[in-house]
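First the structure, in the form of structure tokens, and then the observations on it.
In this text, all values refer to a predicted model and were calculated from it rather than measured experimentally. Each chain gets a letter, A, B and so on, in the order the sequences are listed, and its residues count up from 1.
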Amino acid sequence: MNQPDVEWPREQGRLKNVLRLSNDVTLAQLKYVGGVDLSFPLNDSDHAVACVVVLEFPSLKLIHASYKWVTLTLPYIPGYLAFREVGPLVELLNDLKATQPDIYPQVILVDGNGILHPRQFGLACHLGVLSDTPCIGVAKNFLHIPEEGSAMEMVEVKARCKKALQKRGDTVDLIGASGVVYGVALRSSDDAKNPVFVSQGHGVDLPTAVEIVLACSKFKNAEPIRQADGLSRKYIRDHNLSR
DNA sequence: GCGACAG
DNA sequence: ATCTTGTCGC
């Protein structure tokens with residue numbers, strides 16, 4: 001009974017029962033924002049460097065970065081990213097909470113989706129529940145969601161974005177034919193024509209999630225994620241981890 | 001069967 | 001995911 005397409009949706013459904021989409025964090029009380037990401041060496045998809053950073057808010061100054069060199073056992077399958085990447089991230093967060101609880105972030109920006117997902121339970125939800133920490137999904141690319149109507153089709157979303165996202169802060173709601181509010185496409189920078197896709201992960205409502213992502217954005221990618229991405233990549237270079 | 005699919 | 005970084009389409 002080791003069938004991913006049977007066991008994994010089941011597991012997502014179970015964890016979804018303890019998912020909180022109500023708000024546990026506000027901009028006013030925000031002091032530390034986290035960012036997580038994994039980077040891979042060239043020609044080696046079985047190993048990666050997981051990274052968690054903490055930025056002071058609203059200055060967005062880097063105050064912490066920790067890394068973990070990991071061996072990945074599961075493949076990347078769209079809709080099941082969390083099963084491949086969530087383990088190392090939870091470990092890094094647990095270490096941080098245990099050793100430096102004073103700088104543990106009130107909210108974490110995750111490279112990937114929250115409920116903007118075929119079963120409304122993407123990586124940001126998965127990480128939020130397992131770490132019991134508010135999380136926001138921020139994806140650079142749109143994840144295709146089957147059978148949710150023309151309003152959620154790739155070409156349709158792109159067309160609406162091109163028309164409506166004229167300046168930094170503009171948003172386009174992503175609502176399925178079923179009525180589910182998946183998230184929003186957000187223009188995070190005046191220089192970035194293409195949007196990022198923001199969705200609730202855990203412990204945050206959508207308006208607050210968008211507010212936080214925007215407040216953390218200097219470029220297209222929100223600073224916490226951009227830092228985690230850049231630093232984990234640098235870690236691979238500095239330690240000669242590419243084959 | 002092919003297509004469409006976060007990282 | 002991977003490429004130097006910021007962004008994107010020819």
Side-chain angles (χ1 to χ4, degrees), chain A residues 4-5 8-9 12 35-51 69-89 109-128 135-150 152-159 161-162 165 167-168 174 176 182-201 213 217-223 225-238 240-243:
Chain A
D5 51 333
W8 293 358
Q12 291 174 328
V36 296
D37 191 32
L38 269 72
S39 285
F40 297 76
L42 282 172
N43 309 320
D44 181 4
S45 55
D46 294 331
H47 300 282
V49 169
C51 173
W69 172 247
V70 296
T71 297
L72 302 172
T73 55
L74 304 173
Y76 164 64
I77 299 174
Y80 302 100
L81 174 64
F83 291 89
R84 175 168 165 82
E85 300 191 346
V86 83
L89 297 178
L109 302 197
V110 180
D111 197 0
N113 292 306
I115 65 174
L116 173 46
H117 179 277
R119 290 163 297 284
Q120 295 85 62
F121 200 79
L123 175 60
C125 301
H126 211 124
L127 181 63
C135 283
I136 298 171
V138 186
K140 295 177 291 299
N141 294 292
F142 184 70
L143 173 61
H144 178 244
I145 295 179
E147 299 176 11
E148 264 300 2
S150 61
M152 286 294 285
E153 289 304 315
M154 176 86 81
V155 290
E156 174 64 24
V157 170
K158 280 185 178 176
C161 286
K162 183 176 183 181
L165 305 182
K167 65 178 190 305
R168 175 187 149 95
L174 302 174
Y182 287 100
V184 305
L186 167 71
R187 182 157 182 170
S188 53
S189 154
D190 283 325
D191 295 326
K193 191 174 185 179
N194 293 335
V196 290
F197 299 90
V198 180
S199 60
Q200 297 170 76
V213 172
S217 299
K218 294 168 72 49
F219 305 106
K220 176 178 177 178
N221 290 158
E223 283 308 290
I225 293 175
R226 184 172 155 274
Q227 293 292 333
D229 180 64
L231 291 173
S232 55
R233 216 175 296 203
K234 173 175 169 54
Y235 185 98
I236 289 179
R237 285 200 306 271
D238 294 349
N240 294 77
L241 295 174
S242 278
R243 297 180 164 183

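Every residue two or more places apart in sequence or in another chain was checked for a side-chain contact (heavy atoms from CB on, under 4.5 Å) with A/K162, and none qualifies. For the side-chain contact (heavy atoms from CB on, under 4.5 Å) test, residues two or more places apart in sequence or in another chain that qualify with A/L127 are A/V36, A/V86, A/L89, A/V90, A/L93, A/V110, A/S131, A/C135. For A/F197, the ring pair (Phe, Tyr, Trp, His ring centres under 6.0 Å) criterion is met by A/F142, not counting sequence neighbours.
Distance CD/A/E153 to NE2/A/H144: 4.5 Å, rounded to 0.5 Å.
Each of A/V184, A/I225, A/L186 was checked for a side-chain contact (heavy atoms from CB on, under 4.5 Å) with A/V213, and the lone residue meeting it is A/L186.
Between the CG atom of A/D229 and the P atom of C/dA1 there is a distance of 7 Å, given to the nearest Å. Residue A/E147 contributes atom CD, which lies 14 Å from atom C1' of B/dC5 at whole-angstrom precision. Atom CD1 in A/I225 sits about 15 Å away from atom C1' in C/dA1, given to the nearest Å. For the pair A/F83 CZ and B/dG7 P, the computed distance is 18 Å after rounding to whole Å. In this structure, A/R84 places its CZ atom 13 Å from P of B/dG7, rounding to the nearest Å. Straight-line distance from the CG atom of A/N113 to the C1' atom of B/dA4: 15 Å, rounded to whole Å. A/Y76 has its OH atom 6 Å from the C1' atom of B/dC5, to the nearest Å. Atom P of nucleotide B/dG7 and atom CG of A/L74 are separated by 19 Å, given to the nearest angstrom.
The shortest distance between side-chain heavy atoms of A/R226 and A/K218 does not fall below 4.5 Å. Between A/C125 and A/I115, some side-chain heavy-atom pair lies under the 4.5 Å cut-off. Two residues are said to be in side-chain contact when any heavy atoms from C-beta on lie closer than 4.5 Å; A/S45 and A/R84 meet this criterion. By the 4.5 Å heavy-atom criterion applied to side chains, A/D37 and A/Q227 are not counted as neighbours. Within the 4.5 Å cutoff, the side chain of A/H117 has no heavy atoms near those of the A/Y182 side chain.
The residue A/D111 sits close only to the backbone: its heavy atoms come under 4.0 Å of sugar-phosphate atoms, none of a base. When heavy atoms are screened at a 4.0 angstrom cut-off, A/F142 is found touching the sugar-phosphate backbone but no base atom. Note on A/L123: a base of the nucleic acid sits closer than 4.0 angstrom, heavy atoms only. Residue-level contact check: A/Y80 touches the bases, meaning some heavy atom is under 4.0 Å from a base atom.
The aromatic rings of A/F121 and A/H126 sit tilted, their planes meeting at an angle between 30° and 60°.
Contact annotation: A/S39 reaches the phosphate of C/dT2 (side-chain N/O to OP1 or OP2, under 4.0 Å).
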DNA chain B base-pair string [pairs: Watson-Crick or G-U under 3.5 Å; |: paired with another strand]: .......
Dot-bracket summary - DNA chain C, pairs being Watson-Crick or G-U whose distances fall under 3.5 Å, with | when paired to another strand: ..........
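For the P atom pair drawn from C/dG9 and B/dC5, the interatomic distance equals 15 Å after rounding to whole Å. When the C1' atom is used for both B/dG3 and C/dC10, the distance is 25 Å, rounded to whole Å.
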Contact state string [nucleotides 3-10 of chain C, B base, S sugar-phosphate only, - no protein heavy atom under 4.0 Å]: S-SSSSS-
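Listed here is the closest heavy atom pair of A/I236 and A/S242: CG2-OG, 3.8 Å.
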